[in-house]
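Right, one structure below, let's go through it.
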Amino acid sequence: MASLFSCCLGCCGDGGSGHVPLKEMPTVQLDTHQMGTDVVIVKSGRRICGTGGCLANAPLHQNKSYFEFKVQSTGVWGVGVATQKVNLNQVPMGRDTHSLVLRHDGSVYHNNEEKNRLPANSLPQEGDVVGVTYDHVELNLFLNGKDMQCPATGIRGTVYPVVYVDDSAILDCQFSDFYHTAPQGFEKILFEQQIF
């Protein structure tokens, strides 16, 4: 019996059994290496304030992504998707081909063109949650869980969630543990997994 016990310890213990611990997946958050010079990121990469924009640390590789932004304090702000070529010091975004964003005034801009607009009386206010879906073709917006029927297209290439603030705006980002259920078929952003 003692030999059986020591055999189990030898196989299951850390006695050079070749056990490799699983690597913890990184958390999706705002990327302090991809932000404007006057941006402040706090709350473990979830809150943005200051002036300028910031990309998330994970590109949207999967087919259907969902993420949310909560307006903590109003001002000038925008949320959407952007490539790494976007100018994160330029507010408002949506002026070039590198960003597709909902602006605080309800307009959706890409390449300096208004692509769509939130319905009348649907401007996000302090405390509201803006949900964003993206399927590599179309960006759609949700306000407090309600589909705003406000699709926009046009951006190309690898995109990341983007948020910008100015004029005392403060926004919180939710890349998991959402306030509202993700629309059917959409899910939180997944890091691309590489197998060596």
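Since we're looking at a predicted model, the values are computed, not measured.
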Taking Tyr160 as the starting point, is it possible to reach Leu141 by hopping between hydrophobic residues whose side chains are less than 4.5 Å apart? no
For the residue pair Val101 and Val79, establish whether any side-chain heavy-atom pair is separated by less than 4.5 Å. no
Can you confirm whether the side chains of Glu114 and Asn116 place a donor and an acceptor under 3.5 Å from each other? no
Please tell me whether Val130 and Phe175 are part of a single hydrophobic cluster in this structure, the criterion being side-chain heavy atoms less than 4.5 Å apart. yes
Hey, is the main chain of Gln62 close enough, under 3.5 Å, to the side chain of His136 for a donor-acceptor pair? yes
Passes side-chain contact (heavy atoms from CB on, under 4.5 Å), Val39 versus Thr37? Steps please. CA-CA 6 Å; Val39 168; Thr37 54; over 6 Å; no
Where do Cys54 and Ile48 come nearest, in terms of heavy atoms and distance? CB-CD1, 3.9 Å
Are Leu88 and Val40 connected in a single hydrophobic cluster, I mean Ile/Leu/Val/Met/Phe/Trp/Tyr linked by side-chain heavy atoms less than 4.5 Å apart? no
Under the 3.5 angstrom rule, does the side chain of Gln125 hit a backbone N or O of Asp128 as a donor-acceptor pair? no
Might you work through the side-chain contact (heavy atoms from CB on, under 4.5 Å) test for Val163 and Phe69, ending with a clear yes or no? CA-CA 8 Å; Val163 57; Phe69 300 93; 3.7 Å; yes
Below 4.5 Å, heavy atoms only, C-beta onward: do Pro161 and Leu60 meet side chain to side chain? yes
Using the rule given for side-chain contact (heavy atoms from CB on, under 4.5 Å), can you reason through Val165 versus Ile170, listing the C-alpha separation, both sets of side-chain angles and the distance that settles it, and then say yes or no? CA-CA 7 Å; Val165 291; Ile170 301 172; over 6 Å; no
Working for side-chain hydrogen bond (donor to acceptor under 3.5 Å, both in side chains), residues Asp31 and Gln29: CA-CA 6 Å; Asp31 189 347; Gln29 61 190 31; over 6 Å; no
For Gln34 and Ala56, which heavy atoms make the closest approach, and how far apart are they? NE2-O, 4.2 Å
Decide whether Asp147 and Gln149 meet the rule of one side-chain donor and one side-chain acceptor closer than 3.5 Å. yes
Side chains of Val71 and Trp77: does their closest heavy-atom pair fall under 4.5 Å? yes
With rounding to the nearest 0.5 angstrom, report the OG to CG distance, Ser65 to Leu139. 10.5 Å
Minimum heavy-atom separation for Thr153 and Lys115, please, with both atom names. O-CE, 3.5 Å
Leu143 and Val132: same hydrophobic cluster, using ILVMFWY side-chain contacts below 4.5 Å? yes
Atom pair CD1/CG of Ile155 and Asn111 - distance to nearest 0.5 Å: 10.0 Å
Apply the side chain to side chain donor-acceptor pair (under 3.5 Å) test between Thr51 and each candidate in Asp166, Asn89, Asp38, Asp167; give the one that qualifies. Asp166
Would Glu126 and Gln72 count as having a side-chain donor-acceptor pair, cut-off 3.5 Å? no
Here the gap from Arg46 atom CZ to Lys70 atom NZ, rounded to the nearest 0.5 Å, amounts to 10.0 Å
A side-chain contact here means heavy atoms from C-beta on lying under 4.5 Å apart; do Val108 and Leu100 qualify? yes
How many angstroms lie between SG in Cys49 and CD1 in Ile41, if you round to the nearest 0.5 Å? 7.5 Å
Is it true that a side-chain atom of Ser73 and a backbone atom of Ser168 form a donor plus acceptor pair closer than 3.5 Å? yes
Using side chain to side chain contact (heavy atoms under 4.5 Å, CB included) as the criterion, point out the one residue from Phe67, Tyr134, Tyr66 that pairs with Ile189. Phe67
Nearest atoms (heavy-atom pairs only) where Cys173 meets Leu30: SG-CD1, 3.6 Å
Mind checking whether Gln90 and Arg95 have side chains closer than 4.5 Å, heavy atoms only? yes
Got a second to check how far Leu102's CG is from Cys150's SG, nearest 0.5 Å? 7.0 Å
Answer whether the closest heavy-atom distance between the side chains of Val28 and Asn57 falls below 4.5 Å. yes
Is it possible for you to say whether Val162 and Phe186 belong to one hydrophobic cluster, with membership spreading through side-chain heavy-atom contacts below 4.5 Å? no
So, Glu68 side chain and Tyr179 main chain: donor-acceptor pair closer than 3.5 Å or not? yes
Can you find a heavy atom in the side chain of Tyr109 that is under 4.5 Å from one in the side chain of Met93? no
For Thr97 and His110, work out which heavy atoms get closest and say how close. O-CE1, 3.2 Å
Taking NZ, NE, NH1 and NH2 as the nitrogens, is one of them in Arg47 or Asp172 under 4.0 Å from a carboxylate oxygen of the other? yes
Residue pair Asp96 / Asn112, side-chain heavy-atom distance below 4.5 Å: no
Closest heavy-atom contact between Thr83 and Leu55? O-CD1, 4.0 Å
